[in-house]
Amino acid sequence: MAGPLDLTVAEAAAKIAATELSAAEYFESWREAAAGDELNAYLWTAPAPSGAREKLEGTLGGVPIAVKDIFCTEGVPTTAGSRILEGYLPPYTATAVRRLREAGGRVLGKTNMDEFAMGSSNENSGYGPVLNPWDRGRVPGGSSGGSAAAVAGGLAPAALGTDTGGSIRQPAALCGIVGLKPTYGAISRYGMIAFASSLDQCGPLTRDVTDAALLLAALQGRDPCDATSVGIEGRLALPSREDLSGLRFGVPSLAEEGVEAGVREVFEATLQRIEGLGGEIVEVQLPSAELGISAYYVLAPAEASSNLARYDGVRYGVRRGGDGDLLEMYETTRSEGFGAEVKRRIMLGTYALSSGYYDAYYGQAQKVRTRIAEDFANAFAAVDFVVTPTSPSVAFELGAKTADPLAMYMNDFFTVPMSLAGIPAISIPAGLAAPDGGGAELPVGFQIAAPAFAEQKLLEAAFALETAIGFNREHAAAIPWKGVEEDG
Ligand code: GLN
């Protein structure tokens, strides 16, 4: 039976505004749902409201939202999935979270994630892996795996994530929900714990495209606290487009590479749907995009090695060892506080930046980044969008790739190029497919990328396609968040 927890954010906010739904009762129902978390999706959940009058006006009036634990929240534990920040209470709140609150949203909890957002499976969290609600033996994707699992598993109506190389889109794909990475600079990064600052961008994980648009409208905008934030010009409207006529969708040749058979089938079927809606499919060339992974895994670790230098046991979180010896204290704190993947990235990044190697690695990777941005610019001269599968595979088994970092990095093959180019991209659920090697069917994501700041156009196309696919309707019986029943 459909209850309030079945509503989308847009529907719930409308009902609350019309006083057909009590915001207090609605929040309480979600709090109970979140308290029953069996997926390890949450690291912290909100206590019962103190009774203080809450702001209910705004487009998100009264709607609870789960927030990735990478966003600083004043007085609320913020760990970025790392043991080194255990017990850290930020003295201020991230702009993105503040904006959600200003639009009437309420923080429901802080979600689990790969440590410092480094990972594609959530197995790099210092607080244990998150389980995929479709199959608890499988990963939810990463690094925003807690946010994706919470939304997909019926533990939150929507969530905030961050995406540096795919961390919103890939877990959204693996969990069967919508994930939007906006243009770099659309949303403020102030108070978002930095991984690779030239790539990090915040965005929504939601049940549908309309909710993604609703959250983006609340989040976007210039912020004096982040000089790289510019916002999106013009008013963002909720998408309503029903067809794709007159729009050209570019399929790069790399869309075939290393893709599971089932994922490829769903991808092909989605291209046919686009044509059915009047869209045109054209081939495009992105000759440098296949170097994306190599460039990203030099640039992101290089920036991380510098950003993570601040965790020295002096200013934040945990301090270990030392006994009066400062250097020894740094060493013990960092070697005990950071997990293996974070240490790997710091070492790779420091090496890539070291004198004598800088030009060969960092400089070279920057050139590839420029080439990739040029590839997209050339493609967008001929097409409106570039489309690919979001992830080469459906959700894989826990532990399947932990011993092989390169196999893990290949998850990001289709999402990293857009991050390097700074352009917006969305993943929408396009169907179900069995993994290579067999097993029950799992969600497949379809990625659509657009030119910088063309979010409105991107959301319109995604909406038309989403409506035609009807994923939430067609697969209602299998969708975990649809099965969540309220008590009473
Ligand atoms: N999986 C990629 C990485 O490990 C992307 C992470 C992200 O987008 N934060 O770096």
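Heavy atoms only: backbone and side chains are in, while hydrogens, waters and symmetry mates are out.
Taking a cutoff of 4.0 Å between a charged side-chain nitrogen and a carboxylate oxygen, Lys457 and Asp384 qualify as a salt bridge. Checked for salt-bridge contact, Arg136 and Glu38 meet the test: a charged N lies under 4.0 Å from a carboxylate O. With respect to the salt-bridge test (charged N to carboxylate O, under 4.0 angstrom), the residues Arg344 and Glu341 qualify. In this structure, Asp226 pairs ionically with Arg189, as a charged nitrogen and a carboxylate oxygen lie closer than 4.0 Å.
The aromatic rings of Phe338 and Phe116 sit perpendicular to each other, their planes meeting at more than 60°, with 30° as the lower class boundary.
At least one side-chain heavy atom of Trp481 sits less than 4.5 Å from a side-chain heavy atom of Asp6. By the 4.5 Å heavy-atom criterion applied to side chains, Pro252 and Glu290 are not counted as neighbours. The side-chain heavy atoms of Leu442 and Leu432, taken from C-beta on, include no pair separated by under 4.5 Å.
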Practice task
I would like to know whether Phe380 and Phe385 meet ring pair (Phe, Tyr, Trp, His ring centres under 6.0 Å); could you show each step before the answer?
Solution key: CA-CA 7 Å; Phe380 289 134; Phe385 306 104; 7.9 Å; no
Take Tyr297 and Tyr409, measure what ring pair (Phe, Tyr, Trp, His ring centres under 6.0 Å) needs, and give me the verdict at the end.
CA-CA 8 Å; Tyr297 279 96; Tyr409 297 170; 3.8 Å; yes
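Seen from the ring of Phe71, Lys110 does not count as a face-on cation partner, given the 6.0 Å and 45° thresholds.
When atom types are taken as modelled, the side chain of Asp200 and the backbone of Ala194 share no donor-acceptor pair closer than 3.5 angstrom. Judged purely by atom type and a 3.5 angstrom limit, Asn112 uses its side chain to pair as donor or acceptor with the backbone of Asn40.
Screening Thr73, Val67, Leu43 for a side-chain contact (heavy atoms from CB on, under 4.5 Å) involving Thr78 leaves a single residue, Thr73. Of the residues listed (Leu216, Thr95, Val97, Ile187), the one engaging Cys202 in a side-chain contact (heavy atoms from CB on, under 4.5 Å) is Ile187, and it is the only one. When each of Val76, Leu108, Asp69, Thr111 is checked for a side-chain contact (heavy atoms from CB on, under 4.5 Å) with Trp44, only Val76 meets the rule.
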